[in-house]
Amino acid sequence: MHDGYMDLRVFTEPQQGATYDTLLRVAKTAEELGYDAFFRSDHYLHMGNVDGLPGPTDAWITLAGIARETSRIRLGTLMTAGTFRLPGVLAIQVAQVDQMSGGRVELGLGSGWYEDEHKAYGIPFPKEKFGRLEEQLAIVTGLWETPVGERFDYDGTFYRLQDSPALPKPAQAKVPVLIGGHGARRTPALAARYADEFNIPFASVEDSERQFGRVRAAAEEHGRKGDDLVYSNALVACVGRNDAEVKRRADAIGREVDELKANGLAGSPAEVVEKLGRYAAVGSTRVYFQMLDLDDLDHLELIAAEVMPQVA
């Protein structure tokens, strides 16, 4: 983390239509501009009124490629869908990408929720997703924590691992684990047990404050300090030097300026700095700028030039 009070990260939604080359260009640009991390969603089907062309890219294959083409920027998912991968396989994949990146990976893991993408690609969509997520977190972190030469066993309701050598290990001694969401009870409890960072997506300042408070309380109940976790927000970005540029960027992503200003990081750099200050005041120290137009590298440059120096 920086000495300042807020990390700025880039968050992409490639299922809406992006090639690997586009994502690589965004990640390299983000690295050059001083952003803290490049993150992506983990989806196989577009949402809303887009065609999704040329089609989805796989989150961990993408990050593996980008790992070899970058040197500083951190890489991760908001959030890997628990339904897509067996936890033992996921532990191997993430550890490998961490090795490939020299220890720059972070794992956001969620339960998966988008039923249509499961139907579209023949992925089972189980009813009991949260219980599975709990076991997945136990297994992935348990495999990584097992000392080399020792074995890992797990006997759960959904997953069983027997006599696992628990290899390979990540490059980092501890891969940061992100847990997020709006759930009032089970989500904070899970974060208290497993999370290094708690992320709330697309939430108001008030909702963020309430949820951060729940997570802090759960962490303390679990014997941790509330401040042991990083608290972060993910918000849509639409920043412009003037009203016309803001409007052009809003139009490019099919959104209304007023709605973006209400729900995201939109408007002039000064407006966005002010809004970030309100999130910082409720404990957020890291913000993921959801960049929906991945061809607009000037947008990244503007935020890096006019917003980042004032908050980071």
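We count residues from 1, following the sequence as given. This structure is a prediction, so every number in the text was calculated from the model and none was measured.
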In the structure I gave you, are the side-chain heavy atoms of [X] and [Y] within less than 4.5 Å of one another anywhere?
{"X": "M6", "Y": "T285", "value": "no"}
{"X": "E106", "Y": "E197", "value": "yes"}
{"X": "L178", "Y": "L109", "value": "no"}
{"X": "Y35", "Y": "T29", "value": "no"}

- Message: Determine whether the aromatic ring centres of residues Y154 and Y159 are separated by less than 6.0 angstrom.
- Response: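 Distance test on ring centres: not under 6.0 Å, no.
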
- Task: For residues Y44 and H118, establish whether the separation of their ring centroids is below 6.0 Å.
- Result: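 Centroid distance Y44-H118: not below 6.0 Å, so no.
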
- Task: Answer yes or no: are there more than 12 heavy-atom neighbours, outside D51 itself, under 6.0 Å from its atom CG?
- Result: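 Atom CG in D51 is packed in, count exceeds 12.
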
Donor-acceptor check, side chain of [X] to backbone of [Y], threshold 3.5 angstrom: yes or no?
{"X": "T146", "Y": "F152", "value": "no"}
{"X": "N263", "Y": "E259", "value": "yes"}
{"X": "E271", "Y": "S268", "value": "yes"}
{"X": "Q16", "Y": "M47", "value": "yes"}
{"X": "R85", "Y": "L90", "value": "no"}
{"X": "S164", "Y": "A166", "value": "yes"}
{"X": "Y114", "Y": "H46", "value": "yes"}
{"X": "T62", "Y": "D58", "value": "yes"}
{"X": "D293", "Y": "A252", "value": "no"}
{"X": "K275", "Y": "K261", "value": "yes"}

Ignoring hydrogens, what is the shortest heavy-atom contact between [X] and [Y]? Give both atom names and the distance.
{"X": "P170", "Y": "V175", "answer": "CB-CG2, 3.5 Å"}
{"X": "I66", "Y": "A27", "answer": "CG2-CB, 3.7 Å"}
{"X": "A250", "Y": "V257", "answer": "CB-CG2, 3.8 Å"}
{"X": "P269", "Y": "L302", "answer": "CG-CD1, 4.3 Å"}
{"X": "P188", "Y": "G183", "answer": "CD-O, 3.1 Å"}
{"X": "M79", "Y": "I179", "answer": "CE-C, 3.8 Å"}

Side chains of [X] and [Y]: do they bring a donor and an acceptor to under 3.5 Å?
{"X": "R132", "Y": "S111", "answer": "no"}
{"X": "E134", "Y": "Q136", "answer": "no"}
{"X": "T187", "Y": "R214", "answer": "no"}
{"X": "N233", "Y": "S208", "answer": "yes"}
{"X": "E117", "Y": "H43", "answer": "yes"}
{"X": "T57", "Y": "R40", "answer": "yes"}

- Please list all pairs passing the ring-ring contact (aromatic ring centres under 6.0 Å, His included) test where one or both residues lie in residues 54-74, with sequence neighbours left out.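 Not a single pair qualifies under ring-ring contact (aromatic ring centres under 6.0 Å, His included).
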
- ring-ring contact (aromatic ring centres under 6.0 Å, His included) pairs, two or more places apart, involving residues 196-232: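 Listed by first then second residue: F212-Y231.
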
- Query: Taking D251 as the fixed residue, which of R255, K247, R248, R249 is the one that meets the salt bridge (Lys or Arg N to Asp or Glu O under 4.0 Å) rule?
  - Reply: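 Going through the options one by one, the only one that passes is K247.
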
- Task: Just grab all the side-chain hydrogen bond (donor to acceptor under 3.5 Å, both in side chains) pairs involving residues 169-182, residues at least two apart or on different chains.
- Result: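 As it turns out, the side-chain hydrogen bond (donor to acceptor under 3.5 Å, both in side chains) pairs with a partner in residues 169-182, which skip direct neighbours, are R74-Q172, D98-Q172, K174-D196.
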
- Query: On the ring face of F125, is K129 found with NZ or CZ under 6.0 Å from the centre and within 45° of the axis?
  - Reply: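 Cation-pi check for K129 and F125: passes.
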
